[in-house]
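In what follows, chains are A, B, ... by sequence order, proteins preceding strands, each numbered from 1.
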Number of protein chains: 2
Amino acid sequence: MFSSAPGPLTKSDRTRAHIRGFAMRSFRERGYDATTIRLIAQEAGVSVGTTHYHFPSKHHLVQELYLDVQYAHRAAAEPVLETTGDLIERLGIVYRTGLEGLAPFHRFAPEFLSAAVSPRSPINPLSTESAPALGIVLDLFRSALAGAKHSLPTDFERALPNALVLGHLLLALFWVYDTSPGQERSFRLLERGLRLLRGVLPLTRVPMLRAPLRELLDLVAEVQA
Amino acid sequence: MFSSAPGPLTKSDRTRAHIRGFAMRSFRERGYDATTIRLIAQEAGVSVGTTHYHFPSKHHLVQELYLDVQYAHRAAAEPVLETTGDLIERLGIVYRTGLEGLAPFHRFAPEFLSAAVSPRSPINPLSTESAPALGIVLDLFRSALAGAKHSLPTDFERALPNALVLGHLLLALFWVYDTSPGQERSFRLLERGLRLLRGVLPLTRVPMLRAPLRELLDLVAEVQA
DNA sequence: GCTATGATCTGAACATGTTCAGTTCTGCCC
DNA sequence: GGGCAGAACTGAACATGTTCAGATCATAGC
């Protein structure tokens, strides 16, 4: 009677996976607020206490959702990245696939944001618990940069990915508040930013302008926790 | 027996003021979470229902706190603004007095942030209900700009205040997450930003650079809801 | 096989923001 | 001054995330 049980999964593992599965599905279908602990427990056929045994808080369940979303982001971006070696194009791909992956959640975005933003709990983007999820995005930007032909000074090249991740977070923040149809304003903002970047990046080679640009990058680096 | 009743205040007005007063005090002393509706009601000598009659939700009470803070910000900044005509100095004054006014709340900042950030409810910074509070800051930046000697192109001069307010919001966001002693990192970030601005603003007069700078300002303007 | 120990699970209890049906009070009109 | 409409107020009830003392289960060691 272990037909689909994949190997060394204990009963506990299966319970956990069950709870996780129902929670993820409900987050997607009903959003954050309507996915109550009691509902998850009921659908998973366990008690309220059991969900809290496997996931210390509702926030921890959202953290799992973040991970799923980031994995999906990577999976969506990587094949498209093969298609071009242009730096700005490649950055655009990462940003765009990121926004597109968020689209199904937009109607619930406010709920998730207020849960996500609190610096105390595990799902704020700067918490250590979020590091794995953010790490995926950081890697994406790193490889977008590494796989592109460009001629950035090495110090810029090294500092850029972190700045790009910060841009990603801020873009996502804007997107949450963006009520335009299809969140087109977010996409327009992105294209504008990319266009600006295309014009500015070459200037890092101009002696006169290098210093202030470096200064700007340092400012952004200062923000990274 | 109306010894200290100031004129045309109805009983209802006084009840409201009472509730407001106790809530403000408790927010300052205990933070957002520990200031429960029941506690406010008890201290104000009314029932739970009455607080919700005068203030539809706990968020609305926080909105009142915002207003108080912004008024205090203006009161703190205006006299200092008299002391200099240098644009960057004046902007620094507005930003610095803003951060300083927030200081007493830093230990509770996370609680307030997660309450504040939700786009659905009245205390998110972009909601119409927040407009008065943000308007005060906008005016501050406007007058900081108006009272300074500078030579910005008029289109820049017109678009700048909104960008400065956005900077204020982002700086406050950073400040919430800033755990350095006295939030010195936030202040350092500010000084860095001001220094950068001092170097960049004159460049708006250089024909070659004006276009990309204008582009940058437009990008920021796009963000304003 | 038997049992002790720790992992797993249960559901009642708690604190909290919010709602609402009902009660009391206020001020105005005749 | 008597009554009435609406404002002001009450507190029990609800939904929800979280906690916790205890029940149950799985399994390692004999």
Once you round it to whole Å, what is the distance between [atom2] of [N] and [atom1] of [X]?
| X | N | atom1 | atom2 | value |
| --- | --- | --- | --- | --- |
| B/Arg14 | C/dT26 | CZ | P | 10 Å |
| A/His52 | D/dT18 | NE2 | P | 4 Å |
| B/Phe55 | C/dG17 | CZ | P | 15 Å |

Inset, instruction - Mind telling me whether B/Phe112 and B/Phe108 have parallel, tilted or perpendicular rings, with 30° and 60° as the class edges? - result: perpendicular

Inset, instruction - Please work out which of the three classes, parallel, tilted or perpendicular, describes the rings of A/Phe27 and A/Tyr32, given edges at 30° and 60°. - result: parallel

Legend entry - Residue B/Arg30 excluded, over 12 heavy atoms near CZ under 6.0 Å: yes

Legend entry - Enclosure of B/His52 NE2 (heavy-atom neighbours >12, cutoff 6.0 Å): yes

With a cut-off of 3.5 Å and sequence neighbours excluded, list every side-chain donor-acceptor pair involving residues 92-103 of chain A.
from, atom 1, to, atom 2, distance (Å)
A/Tyr95, OH, A/Leu164, O, 2.7
A/Arg96, NE, A/Glu191, OE2, 2.9
A/Thr97, OG1, A/His73, NE2, 3.3
A/Thr97, OG1, A/Ile93, O, 2.7
A/Thr97, OG1, A/Val94, O, 3.1

Inset, instruction - For nucleotides 6-16 of chain C, just jot down a letter per nucleotide in 5' to 3' order: B, S or -, based on protein non-hydrogen atoms under 4.0 Å. - result: -SBSBB-B--B

